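Data block below; observations after.
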Amino acid sequence: MVSSKGLSGSPPYVAAPVKQYGVTKPISMAGPTEADIQRSRDLEKFLAEAGLYERKEEAAKREEVLCRIQEIVTDWVKQLTRLRGYTDQIVEDANAVIFTFGSYRLGVHGPGSDIDTLCVGPSYVNREEDFFFILHNILAEREEVTELQPVPDAHVPVMKFKFDGIPIDLLYASISHLVVAQDLDISDMSVLCNVDEPTVRSLNGCRVADQILKLVPNIEHFRTTLRCLKFWAKRRGVYSNVTGFLGGVNWALLVARVCQLYPNAVPSMLVSRFFRVYTQWRWPNPVMLCAIEEDELGFSVWDPRKNPRDRTHHMPIITPAYPCMNSSYNVSTSTLRVMMEQFQYGNNICEKIELNKAKWSALFEPYLFFESYKNYLQVDIVAADADDLRAWKGWVESRLRQLTLMIERDTYGKLQCHPYPHEYVDASKPCAHCAFFMGLQRKEGEKIQEGQQFDIRGSVDEFRLSINMYMFWKPGMEIYVSHVRRKQLPAYVFPNGYKHPWNLRLTPCQQSDKLLHDNGVACQTESGAKCLKRKTDSNGENSEESRLEKRQSPTRSESVSPEIISCKLSSTSSGCSTSDLDEMNGLTEGNASYNSSNISSCSREDIGNESTAGSSEVSNGVDDNPASSQSDLCDDSKSSLEDEHADQNRVFQDRLLHELKPNTAIGVVRKSMNGVVDSETVQNPVIRLSLTSTA
């Protein structure tokens, strides 16, 4: 529902009193002009038409679901209290309290979004057995509960499920109270006494949400702006804490800080100022809503002066509740680079919106990830059935960030990764399957020698070993990592099931110019003219025939890649566009350079002819194990996979094709039936990226 204060029902504007919010004085106390107020109405109208507000019926259903969960956890605690021999009076008083946090608590949730919930229980009800075993079984027996997935080893242990169709993330915190009062003040420091670190992290979600709402000048303006920026981040592919970008609390803190810096601004102004501020922010200077409280109960707080690990954080966004932590520790150099590019893109669009040269819809154009790089890592995840895949995928996705960090570390930052936080499914495959992708490119301005290679076999092998640590592994759970070029991307990653014509990677500035042209605004730049020319060409007589021919041409495998083994990557293929960091440094579009890093694919002649010792060892490993057992998972898709790998850039020796097993794929995970990793059946992954200079 759109707030009653939004759109046509907006109350008269009243300036906030002069007051300092946060750790510094405001940048500006200026209020909105009539044009700003109208743009805010237009923005709220756009958000409403985009379906970001839930209906009254859904809001009522969420309230009902929360009440039923409250009843379940209360009965659960009373049952445990009785079993443990407490008096009848304590059994009667026994209680657990459900709190909400995240987008639901902040008031920015939308249709279909999950509800982040925290169950606070007494000291004698623990997380390991009582929550993840007894309560788990109680929930599993209820008809309303589906897709129940415990994640006990997460940084913040959580139980995920759907209750009557509503997605729920349920955390648990056992506090040092014998009886939990129904009116418990979770913001009070006493709840942190005598609890462990996971409990502190579980409690902090609610405590942070409450603090944010207390520290912003205007809650309604904060909510509209945050709703807008979260939608923008999802459209631009930078909304995901688990893959190294920013999650809901991170975006909330960034927006709240801008609200503090412009306390009298309306949402349209705040969105524009958001991009203006963060394109110029000098990371790793931290974003803070309030001063960091000193140690009171002995918990570690974010302090790079004392904690060496805190000095390694690239984009510190500090939570406002004790103990203050960096909520964005997952951000890497590569994901920070991607976000800075997107901030620049947003800033360019907002500048044109303020000049009435663009509409709000231009800001939310989706990011064309599969047209932005020439080389990708494809991570295929398979399992025996949908339930196993859900659990297996969650584990692998939580470790994808580590693969990015490993590659950055092992290539000394010269090879940059762009993990894309969206999963793709090949519906044509009979097995349970999904895939994630990472864009690859050489670091901007990095000097390389002719034929220089990036050997990331060790990085992928280390990633595989970390995946092997999954406590709930089952037969059929496997993972494959392969290097694919843009022209080899499977068709299922494209919206219409077929590939778009090849385009050069556009910088944020060029993308905004193209969007303005698409929105009916005259585009005077050279890039805009070229864009118009391509449109004209695409409508020519032969354009449809050309597209049909592309659609019918053979492509790379559209699912898992079990046949990948070792290959020497040639240095003659076309290059991979680098990120336009020059644009972020203020250079004009015409001066932006397009240095390319050539990351090549396999060639027929090079297969099996590795010159390096490491590659020879892998080849010998295959020859020495011709009788290793072949997995029977997805037998129906195996033959089709072999046919699909007939692409000339993925041709393997005929002699080896009959011997290749699923466990010889790059980074494949295999375990023996007793749950122990069988090292002899896992081949060292081989991904060698050959770069040549184009200077």
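One is the number of the first residue; the rest follow in order along the sequence. What you see is a predicted model, and the numbers here were worked out from it, not measured in a lab.
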Original post:
Short question: side chain of W360, backbone of R39 - any donor-acceptor pair under 3.5 Å?
Top reply: yes
**OP:** Quick one: list whatever passes side-chain hydrogen bond (donor to acceptor under 3.5 Å, both in side chains) with Q149, sequence neighbours left out.
**Re:** none
Original post:
Below 6.0 angstrom between ring centroids: does that apply to Y367 and H422?
Top reply: no
Original post:
Would a distance-only check, ignoring hydrogens and angles, find a side-chain to backbone donor-acceptor pair under 3.5 Å from T117 to D169?
Top reply: yes
Original post:
Is a donor on one side and an acceptor on the other found under 3.5 Å between the side chain of E397 and the backbone of P421?
Top reply: no
Original post:
Between atom CG of L118 and atom CZ of R105, what is the distance when rounded to the nearest 0.5 Å?
Top reply: 12.5 Å
Original post:
Do R62's NZ or CZ and the ring of Y104 fall within the cation-pi criteria of under 6.0 Å and 45°?
Top reply: no
**OP:** For S40 and S268, indicate whether the former's side chain and the latter's backbone hold a donor-acceptor pair under 3.5 Å.
**Re:** yes
Original post:
Distance from N264 atom CG to L270 atom CG, nearest 0.5 Å?
Top reply: 10.0 Å
Subject >> Sidechain-backbone polar pair: H313 side chain, P284 backbone, donor-acceptor under 3.5 Å >> reply: no
Distance-only donor-acceptor hits, side chain of residues 244-256, under 3.5 Å, sequence neighbours excluded:
unit_1: N250; atom_1: OD1; unit_2: N241; atom_2: ND2; d: 3.2
unit_1: N250; atom_1: OD1; unit_2: G247; atom_2: N; d: 2.7
unit_1: N250; atom_1: ND2; unit_2: S327; atom_2: O; d: 2.9
unit_1: N250; atom_1: ND2; unit_2: S327; atom_2: OG; d: 2.7
unit_1: W251; atom_1: NE1; unit_2: L246; atom_2: O; d: 3.0

Subject >> Side-chain ion pair, D210 and R207, N-O less than 4.0 Å >> reply: no
Original post:
Nearest 0.5 Å, what's the CG-CD distance between L403 and E408?
Top reply: 10.0 Å
Original post:
Who passes salt bridge (charged side-chain N to carboxylate O under 4.0 Å, His left out) against R390, sequence neighbours left out?
Top reply: E147, D387
Original post:
With a 4.0 Å cut-off, would you call R223 and E220 a salt bridge?
Top reply: yes
Subject >> Distance flag, aromatic centroids of Y376 and Y420, threshold under 6.0 Å >> reply: no
Original post:
Is a side-chain N or O of S328 found less than 3.5 angstrom from the main chain of I317, in a donor-acceptor match?
Top reply: yes
Subject >> Side-chain donor/acceptor of R236 to backbone N/O of E365, under 3.5 Å >> reply: yes
Original post:
What residues form a salt bridge (charged side-chain N to carboxylate O under 4.0 Å, His left out) with K25, not counting sequence neighbours?
Top reply: none
Subject >> Which residues share a side-chain hydrogen bond (donor to acceptor under 3.5 Å, both in side chains) with Q211, sequence neighbours left out >> reply: none
Subject >> From R235 atom CZ to K230 atom NZ, the distance as rounded to the nearest 0.5 Å >> reply: 16.0 Å
Original post:
Residues two or more places apart in sequence or in another chain: which of them pass side-chain hydrogen bond (donor to acceptor under 3.5 Å, both in side chains) with E351?
Top reply: N347
Original post:
If you measure from the Lys or Arg side-chain nitrogens to the Asp or Glu carboxylate oxygens, is any gap between E34 and R41 under 4.0 Å?
Top reply: no
Original post:
With distance as the sole test, does K61 use its side chain to make a donor-acceptor pair with the main-chain N or O of D164 at under 3.5 Å?
Top reply: yes
**OP:** Could you go through the ring pair (Phe, Tyr, Trp, His ring centres under 6.0 Å) check for W232 and F275 one step at a time?
**Re:** CA-CA 12 Å; W232 173 85; F275 293 116; 4.8 Å; yes
**OP:** Under the side-chain hydrogen bond (donor to acceptor under 3.5 Å, both in side chains) rule, what do T24 and R257 come out as? Steps first, then yes or no, please.
**Re:** CA-CA 10 Å; T24 64; R257 184 63 184 130; 2.5 Å; yes
Original post:
Is a side-chain N or O of R273 found less than 3.5 angstrom from the main chain of Y262, in a donor-acceptor match?
Top reply: no
Original post:
Okay, side chain of Q280, backbone of R276: is any donor-acceptor separation there less than 3.5 Å?
Top reply: yes
